[in-house]
Amino acid sequence: MGEGDKESTMTFWLFVSITVSVFGNSFLYGYNIGVVNSPARLIKAFYTMTYMAREGYETYYNPVDRGLYFKTLPDGDNVTTMTTLAPVMSLGNNSNGSMPTARDPLLARTEKEIEADNFIEILWSITVAFFVFFGMIGAFTSGKIADYFGRKKGMVLITFLMFLAGIFGGIPTAASSPECVMVSRIFVGLHTGMGISLASLYLAEISPKKIRGAVGTCHQLFVTLGILWSMVLGLPALAGTWDTWPVLFAFNAFPALICLIFLPFCPESPRYLLIKKNDEDGARQALKKFRGHDDVEHEIEEMRIEARRSSSTESFTMKQLLTTPELKLPLIISLVVQVAQQWSGINAAMAYSSFIFAQANVPEDIIPYVIVGQGAINAISTLISVPLMEKAGRRPLLIWPMCGMVVSFIVLTICLNLLVSGDYDDKKNVLAIISIVVMLTYVIGFALGLGPIPYIVVSEIFRQEPRAAAMSISMAVQWTCNFLLLLTFRFIQKGIGAYTYLIFIIILVICIIFIFIYVPETKNRTFDDIARAIASGREKKRKKYEDDDAEEMQPMGRTD
C-alpha cells in the first residue's frame with residue numbers, strides 16, 4: 001500500500017470519531033432547523049390557549065377543525081370582551097362567501113384566526129429565531145473553547161446544554177408555559193453554535209488530506225439527516241399531534257447522550273495537540289490511532305513546520321484576525337460563503353416550508369408528506385455530494401448548483417404570481433406541482449454546493465493559528481444571517497407575497513460573481529499551501545502568470 005493509499009484509508013477510529021461528533025452536533029443542528037416546521041400550527045394553538053387561560057378564558061383544542069373552544073361560555077361582561085377576540089358571525093365554506101353562517105358560541109378561535117394573530121406570530125417567530133440568535137452567541141465563544149479545552153473535550157463539555165434543552169422542551173404542556181419552549185430553543189442555540197464550530201474544526205484536523213473534503217461533507221450530510229428525521233418524527237402519525245408534540249423537543253437529549261458516552265474514547269485532534277499544546281507524543285499517538293498505522297512522521301513533520309511558524313505568534317484574537325492585512329481576503333471569503341449559505345433562503349425553506357407550500361396552493365393534507373420528501377431529497381443529494389467533493393472540487397460545486405438555485409427561485413416566483421393573479425385557476429394543480437418540483441431542485445442545488453462547502457472552505461483557507469478564531473467569527477456571521485432571516489421571513493412573505501424570492505435571487509447572483517472572481521480551488525492542497533496562495537490575494541494573479549508563461553505571451557519579457 002502506497003503513501004497515498006494509506007492517507008485515504010477510512011480506519012475504525014476515524015470512522016467512529018467522525019460519526020459520533022457529527023451525530024452529537026451536526027445532526028442536532030439540522031434537527032432543530034426542521035423540528036419547528038410540522039408542529040407549527042399546533043404550537044401556535046397552544047400559545048393562544050395558554051395566553052387566553054392567563055386572561056381567565058379556559059379553552060380546549062379540537063383536532064378536527066383545529067380550533068379552540070371555550071370550556072364554558074363566558075358570561076356577563078366577558079361576552080363583550082370575547083367577541084372582540086372571536087366575532088360571533090363568520091363566513092362559511094361557500095366559495096362566493098356571500099352567506100355568513102352562525103358561529104358556534106363556544107368557538108373561541110378558529111385556525112385562521114390563530115394564524116392571523118400578529119401577537120402569536122411574533123411570539124412564534126421569536127421562538128424559531130431564539131435558536132439562531134443564541135447560536136450566534138455560542139459561535140462567538142466557540143473559538144476560545146476550541147483552543148482552551150480542545151476540539152473533542154469541548155464537544156463533550158457542552159452536551160449538558162442539550163440535556164437542559166430536552167428537559168425544558170418536554171414539559172411546556174405540563175407546565176402550561178410557552179416560555180419553556182423558548183428556553184429550550186435558547187439552550188439548543190447555545191449548544192449548536194458552539195458544537196458545529198467545534199465539529200467542523202475537529203473534522204478538518206483529523207482528516208487525511210486526500211479525503212478531507214468528503215469527511216467535511218459528513219457535517220452537512222448529518223445536518224440534512226437531522227432535518228429529515230425532524231420531519232418524519234413530526235408527521236401526524238408519529239409525534240406531530242396535539243398530545244405528543246413536546247416529544248419532538250425532548251428528543252434533543254438523545255443524540256447528546258450518545259455523544260457524551262462515546263466521544264471521550266475518541267482521540268483528540270493531533271494538530272491541536274502538537275501545535276496548540278506542544279504535545280508531540282500525544283499528537284503522534286492520536287495520529288497513529290486515526291491512520292491505523294505507525295508511519296505518520298510525514299504528517300508530524302508538516303505539523304512541526306506549522307508549529308514553528310506559529311510559535312512566534314500569540315493565539316489569534318478577534319481583533320488580530322480583523323486587523324491582519326494578509327488575512328483580509330481569506331476572512332472576506334469566509335464571510336461571503338456563510339452569507340450566501342444562509343441568505344440563499346434555505347433555512348426559511350426548511351423551517352417554514354409548510355407555509356411556502358400552502359402559499360403555492362398545495363393541498364393541505366399532503367403538505368406534511370411533501371415536506372418529508374423535501375427532507376429526503378436534501379439528504380440524498382448531500383450523500384451524493386460526498387464523492388463529488390473530491391472529484392469535481394469545491395469551486396465548481398459552489399458556482400453551478402447556485403446557478404440552478406437561481407433558476408429554481410425564478411420559476412417559483414413566476415408560478416406564485418400566476419396563482420395570485422387568479423387568471424390561471426384552471427391550472428392551479430399544475431402550478432402547484434411545478435412549485436413543488438422547483439423547490440426540490442432548489443434543495444438539490446443547495447445540498448450539492450452551499451450546504452457542505454462553506455464549512456470546508458473556511459477550515460481550509462486559514463493556517464492553524466487563526467483557524468479557530470476565523471471559524472468562530474464566520475459561524476457568528478452565519479448565525480446572525482440565519483437569525484435575521486428566520487425572524488423576518490414570515491413577515492416579508494406576508495408583506496410582498498409572491499415576490500419574496502426575488503430577494504434571494506439577487507443575493508445569490510451577487511455571491512456567484514464574488515465566488516467566481518475570488519474563491520480558489522482548495523481540493524488536495526495542504527492548509528499551508530492554500531493559506532500561502534490566497535493570504536496575499538495573489539491566487540488569480542499567480543494563475544495568470546503561469547498561463548502567460550506557458551503560452552509564451554511575453555515578447556518583451558517580464559520582471560517579477
When rounded to the nearest 0.5 angstrom, what is the spacing between [atom1] in [X] and [atom2] in [Y]?
{"X": "I503", "Y": "S344", "atom1": "CD1", "atom2": "OG", "value": "13.0 Å"}
{"X": "K112", "Y": "D117", "atom1": "NZ", "atom2": "CG", "value": "16.0 Å"}
{"X": "H191", "Y": "L198", "atom1": "NE2", "atom2": "CG", "value": "9.0 Å"}
{"X": "L238", "Y": "M231", "atom1": "CG", "atom2": "CE", "value": "14.5 Å"}
{"X": "I137", "Y": "F134", "atom1": "CD1", "atom2": "CZ", "value": "5.0 Å"}
{"X": "L416", "Y": "Y501", "atom1": "CG", "atom2": "OH", "value": "6.0 Å"}

Strictly by modelled atom types, are Y61 and D65 linked by a side-chain donor-acceptor pair under 3.5 Å? no
Do T241 and T244 pair up side chain to side chain, a donor and an acceptor below 3.5 Å, judged on atom types alone? yes
If you apply the rule side chain to side chain contact (heavy atoms under 4.5 Å, CB included), what do you find for M182 with L123, and how did you get there? CA-CA 9 Å; M182 299 178 190; L123 287 178; 4.0 Å; yes
Shortest non-hydrogen contact from [X] to [Y]?
{"X": "L68", "Y": "A45", "result": "CD1-O, 3.8 Å"}
{"X": "K152", "Y": "P267", "result": "CD-O, 3.9 Å"}
{"X": "S269", "Y": "Y202", "result": "N-CE1, 3.8 Å"}
{"X": "P401", "Y": "L448", "result": "CG-CB, 4.1 Å"}
{"X": "P454", "Y": "Q338", "result": "CB-OE1, 3.8 Å"}
{"X": "N32", "Y": "R185", "result": "O-NH1, 3.0 Å"}

Verdict with reasoning, I512 to C403, per side chain to side chain contact (heavy atoms under 4.5 Å, CB included): CA-CA 8 Å; I512 288 169; C403 293; 4.0 Å; yes
Quick one: does [X]'s side chain get under 4.5 Å of [Y]'s, heavy atoms only?
{"X": "W245", "Y": "F46", "value": "yes"}
{"X": "L203", "Y": "S21", "value": "yes"}
{"X": "I206", "Y": "I18", "value": "yes"}
{"X": "L502", "Y": "F409", "value": "no"}
{"X": "W242", "Y": "P39", "value": "no"}
{"X": "Y442", "Y": "L412", "value": "no"}
{"X": "Y69", "Y": "T59", "value": "no"}
{"X": "L228", "Y": "T224", "value": "no"}

Under 3.5 Å, side chain of [X] to main-chain N/O of [Y], donor-acceptor pair present?
{"X": "Q341", "Y": "L450", "answer": "yes"}
{"X": "Y31", "Y": "V223", "answer": "no"}
{"X": "S184", "Y": "A165", "answer": "yes"}
{"X": "T141", "Y": "G138", "answer": "yes"}
{"X": "S381", "Y": "I444", "answer": "no"}
{"X": "S17", "Y": "L14", "answer": "no"}
{"X": "S177", "Y": "T173", "answer": "no"}
{"X": "S334", "Y": "L331", "answer": "yes"}

Should T50 and S176 be marked as a side chain to side chain donor-acceptor pair (under 3.5 Å) after you check the CA-CA gap, both sets of side-chain angles, and the distance that decides it? CA-CA 6 Å; T50 303; S176 296; 5.7 Å; no
One pair to check against side chain to side chain contact (heavy atoms under 4.5 Å, CB included): F131 and I33. What are the steps and the verdict? CA-CA 8 Å; F131 166 56; I33 290 171; 3.9 Å; yes
Counting only heavy atoms not in [X] (residues, nucleotides, ligands), do more than 12 fall under 6.0 Å from its [atom1]?
{"X": "Y60", "atom1": "OH", "answer": "yes"}
{"X": "F163", "atom1": "CZ", "answer": "yes"}
{"X": "F168", "atom1": "CZ", "answer": "no"}

Please lay out, stage by stage, how Y272 and D147 fare under the test side chain to side chain donor-acceptor pair (under 3.5 Å). CA-CA 8 Å; Y272 168 78; D147 285 343; over 6 Å; no
Check the orientation of Y51 and Y47. Use parallel for under 30°, tilted for 30 to 60°, and perpendicular for over 60°. perpendicular
salt_bridge(R151, E268) N-O dist < 4.0 Å: no
Any Lys/Arg nitrogen of E111 or K44 sitting under 4.0 Å from an Asp/Glu carboxylate oxygen of the other? no
Scan L263, N25, I261 and name whichever one has a side-chain contact (heavy atoms from CB on, under 4.5 Å) with V20. L263
Determine whether M52 and F70 satisfy the following criterion, side chain to side chain contact (heavy atoms under 4.5 Å, CB included), listing intermediate values before the conclusion. CA-CA 10 Å; M52 289 182 69; F70 295 120; 4.0 Å; yes
